[in-house]
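All values derive from a computational prediction rather than experimental measurement. Each chain gets a letter, A, B and so on, in the order its sequence line appears, and its residues count up from 1.
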Number of protein chains: 2
Amino acid sequence: MTRKNTRHQHLTLRDVSEASGVSEMTVSRVLRNRGDVSDKTRAKVIEAAKKLGYVPNKIAGALASNRVNLVAVIVPSLSNLVFPEMMAGVDEILGDTPLQPVIGTTNYDPAKEEKTLFEMLSWRPSGVIIAGLEHTDASRAMLANCGVPVVEVMDVDGDPVDAAVGISHWRAGYQVGTEIVARGYRRVGVLGTKVDGDHRARKRLEGLERALAEAGVTVADHMAYSGWSGFAKGREMTKAMLERTPDLDFLFYTNDLTGAGGLLYALEMGLDVGDTLGLAGFNAFTLLDGLPRKLATVDSRRREAGQVAARIVAGTHVFDSEDRRIELVPTFIPGDTLRPVRID
Amino acid sequence: MTRKNTRHQHLTLRDVSEASGVSEMTVSRVLRNRGDVSDKTRAKVIEAAKKLGYVPNKIAGALASNRVNLVAVIVPSLSNLVFPEMMAGVDEILGDTPLQPVIGTTNYDPAKEEKTLFEMLSWRPSGVIIAGLEHTDASRAMLANCGVPVVEVMDVDGDPVDAAVGISHWRAGYQVGTEIVARGYRRVGVLGTKVDGDHRARKRLEGLERALAEAGVTVADHMAYSGWSGFAKGREMTKAMLERTPDLDFLFYTNDLTGAGGLLYALEMGLDVGDTLGLAGFNAFTLLDGLPRKLATVDSRRREAGQVAARIVAGTHVFDSEDRRIELVPTFIPGDTLRPVRID
DNA sequence: ATGAAAGCGCTAACAC
DNA sequence: GTGTTAGCGCTTTCAT
């Protein structure tokens, strides 16, 4: 059986070679701008390729050259805004390179992460960008042995396999805690998610609790929700919490969206937001700029984390030290939902 | 030069074969659960593979089998929430299949789309999911000839290359227009984006204008912004527009986020939202549920579009007719920012 | 149930 | 500047 010319048989270098009367090798060189090829030959080849509608086969190219321009990007979910934002940072940087992101999601499940990772590594990507520092032992082993740059993003509280870029969520939480006590709040309620595998939210809370503890304050009430974050969830939870613990003077939301819902609710209830009741969220979603009051929050710098991670993978990042942990500073944004710092 | 055992030399089937004393072929069968292999052999192979930490090479596998479990997903941007939401729908469905999404962005630029598409097709994906129906001729040719399912998503106003899934933005706009005139509004302002390649926003507007025209109404003012959508943009533009055209009785925002900003502004100004000034956005972002008033909007059903597209690519979707255009219905949600329909 | 041989479409390395 | 040869690591096919 000879080469079929059925509709969807892909064209090969050989087809271009025959059509242009040039060897496959030279065609290959032209199509990759490699080595010296005369202008005349180049023109012939390019014309033939275009006329035929030739699309190179990177599978074959990758196998032959042992080079794959794919980057594995592994995140818990696409439904939580922070991950697409990080990916937008990655994409922005990779746009200037030949690299292409391949996306895998884990649904906050370490076992699924392990499967996804195995799957993606079998494509022999040129780099791996993965959210978080907590993985199964098997995942860590794969990351350690895959032989390409691995960047764990959006967290630096822990031991990275290779490189890590992001904020310290513990320190971010700690900072929020110090701001809370410095402003004289003492009855703190926390509203967060129920997601088990959300280590970043957990670390934020631990940092917060630590800062409070150092001032002799403990979290007075805590409430966790499951499902999607949004204003409505923030409203409901705020209402419920203030009903069951009316003497709270501060509410910390682990997410700006629920925080914004709480803010809207508190304003409608006529509460003295800021003074009697301080509020703070987390993440600094720019789409929320323009609320009736600016919610206090912390910029978790996920977009930059994605950018730096992409640069590391692309090989254009220069590390300042031998430490391959890059800690971004989580800017605290006081907004208009806190009272001034007390100078005792 | 014989096989090197340097640290990052990847393991091959051969290594597993040698370690287990079984032929490469049988190892391959075990690792893919193909064909008959005795339990004893199977166990030996699996143990050896695990012990060595073998990760198969899909590049080689794909070349040999001519099967690639990648799906190309091409969107204008990751910064506009609607695209990650569509991708979440895709991801949800592909999660139950061996398929993996590869992401490409176009930045609303047809030339970049063409490049991205070429790049992605050279991986010989098993399917293509691409936002919109407007592409360069070269892009359309590539899509038509790539030999795998192609689904154009989030729009059905046009001729798809293969299949299309989404709402008709024209009809969605038209419906908003009929609602506006049915409620007696006559001085309509439109607030949209400046993005050139945003055909969906354009079609929405055209549909809106048509419905208004049929009632003898024309758009009284129009304003376009560039940059990111958010509440702040909505506030600014609303203020500016109401100052330059104070007699408007309706504002249509091509995006919920700016719409929400406008709503907040109008409420603060003490405007009689609903009756004196009707407001509507677009997209029905669930994260906005819980605003002081529910903004009228239209559900553009992007998540479902992603789901259906993924099913088509995965081959699990059954078409009702020979028409491979699947039109989703853009639910109109009146919210609390419109006055009642007039029954004249 | 297992193995041997051939080859997927390309590129590295070398020849001319 | 251009061509030839020999694989890359798998899977297909066919033999046993």
Side-chain angles (χ1 to χ4, degrees), chain A residues 1-4 8-46 48-49 52 54-69 98 119 121-124 147, chain B residues 1-4 6 8-46 48-49 52 54-69 98 119 121-125 147:
Chain A
M1 185 176 73
T2 58
R3 181 169 295 264
K4 283 187 297 190
H8 290 145
Q9 193 68 33
H10 285 290
L11 296 166
T12 68
L13 268 189
R14 206 155 89 112
D15 297 306
V16 181
S17 166
E18 283 167 6
S20 61
V22 175
S23 80
E24 286 187 42
M25 196 55 233
T26 301
V27 172
S28 168
R29 280 195 269 255
V30 170
L31 265 25
R32 288 176 300 144
N33 293 313
R34 272 303 146 87
D36 291 327
V37 181
S38 74
D39 287 351
K40 218 183 110 192
T41 312
R42 172 181 307 287
K44 263 198 304 199
V45 169
I46 288 179
L52 295 173
Y54 172 72
V55 177
N57 185 332
K58 290 216 181 204
I59 301 280
L63 183 62
S65 66
N66 201 23
R67 260 190 296 275
V68 180
N69 65 2
E119 203 63 19
L121 287 181
S122 65
W123 283 105
R124 301 287 187 269
Chain B
M1 184 178 76
T2 59
R3 183 170 293 267
K4 283 187 297 189
T6 31
H8 289 147
Q9 192 67 37
H10 284 290
L11 296 165
T12 69
L13 268 189
R14 205 157 92 113
D15 296 305
V16 182
S17 164
E18 282 167 8
S20 62
V22 174
S23 78
E24 284 188 44
M25 197 50 238
T26 302
V27 172
S28 169
R29 279 194 269 255
V30 170
L31 266 25
R32 287 176 300 142
N33 294 313
R34 266 314 139 88
D36 291 326
V37 182
S38 74
D39 286 352
K40 219 184 108 193
T41 313
R42 172 180 305 284
K44 265 199 302 197
V45 170
I46 288 179
L52 295 174
Y54 172 72
V55 177
N57 185 331
K58 291 217 180 199
I59 302 280
L63 182 62
S65 67
N66 199 25
R67 260 191 294 276
V68 179
N69 64 3
E119 201 64 20
L121 287 181
S122 64
W123 283 105
R124 300 288 188 268

> Want to settle it: does B:Ala60 or A:Arg34 sit nearer the 5' end of DNA chain C, counting the closest nucleotide to each?
Replying inline: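 Final value for this comparison: B:Ala60.
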
Distance below 4.0 Å between [X] side-chain N/O and [N] OP1 or OP2:
X	N	result
B:Ser65	D:dT11	no
A:Tyr54	C:dC10	yes
B:Arg32	D:dT11	yes
B:Thr41	C:dT2	yes
B:Ser28	D:dT11	yes
B:Arg67	D:dT12	yes
B:Ser38	C:dT2	yes

Rounded interatomic separation in angstrom, taking [atom1] from [X] and [atom2] from [N]:
X	N	atom1	atom2	answer
A:Asn33	C:dT11	CG	P	12 Å
B:Lys40	C:dA1	NZ	C1'	12 Å
A:Lys58	C:dC8	NZ	C1'	19 Å
A:Arg29	D:dT4	CZ	P	11 Å
A:Glu24	D:dG7	CD	C1'	14 Å
B:Arg14	D:dC10	CZ	P	11 Å
B:Leu13	D:dG9	CG	C1'	7 Å
B:Asp39	C:dA1	CG	C1'	12 Å

>> Checking the side chain of A:Ser17 only, and the main-chain atoms of A:Val22 only, is there a donor and an acceptor separated by less than 3.5 Å?
In response: yes

>> Keeping A:Arg124 on the side-chain end and B:Pro56 on the backbone end, is there a donor-acceptor pair under 3.5 Å?
In response: yes

> Taking all atoms of both residues into account, what is the closest heavy-atom pair of B:Trp123 and B:Val68, and its distance?
Replying inline: O-CG1, 3.6 Å

> Which heavy atom in B:Asn69 sits nearest to a heavy atom in A:Glu119, and how many Å separate them?
Replying inline: ND2-OE2, 3.6 Å

>> Regarding C:dG9, can its base be found pairing with the side chain of B:Arg124 as donor and acceptor, where the two atoms are less than 3.5 Å apart?
In response: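 Side chain to base: no pair below 3.5 Å.
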
>> Let's see if you can work this out: which of C:dG7, C:dC10, D:dT2 has an atom nearest to the side-chain heavy atoms of B:Ala64?
In response: C:dG7

> Nearest to the side chain of B:Met25 - D:dC10, D:dT12, C:dG9?
Replying inline: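 Nearest listed nucleotide: D:dT12.
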
>> Regarding B:Asp36, tell me which of base, sugar-phosphate or nothing describes its non-hydrogen contacts under 4.0 Å with the strands shown.
In response: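 B:Asp36: base contact, heavy atoms under 4.0 Å.
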
> Quick one: which of B:Thr12, B:Ile46, B:Val16 gives a side chain to side chain contact (heavy atoms under 4.5 Å, CB included) with B:Val27?
Replying inline: B:Val16

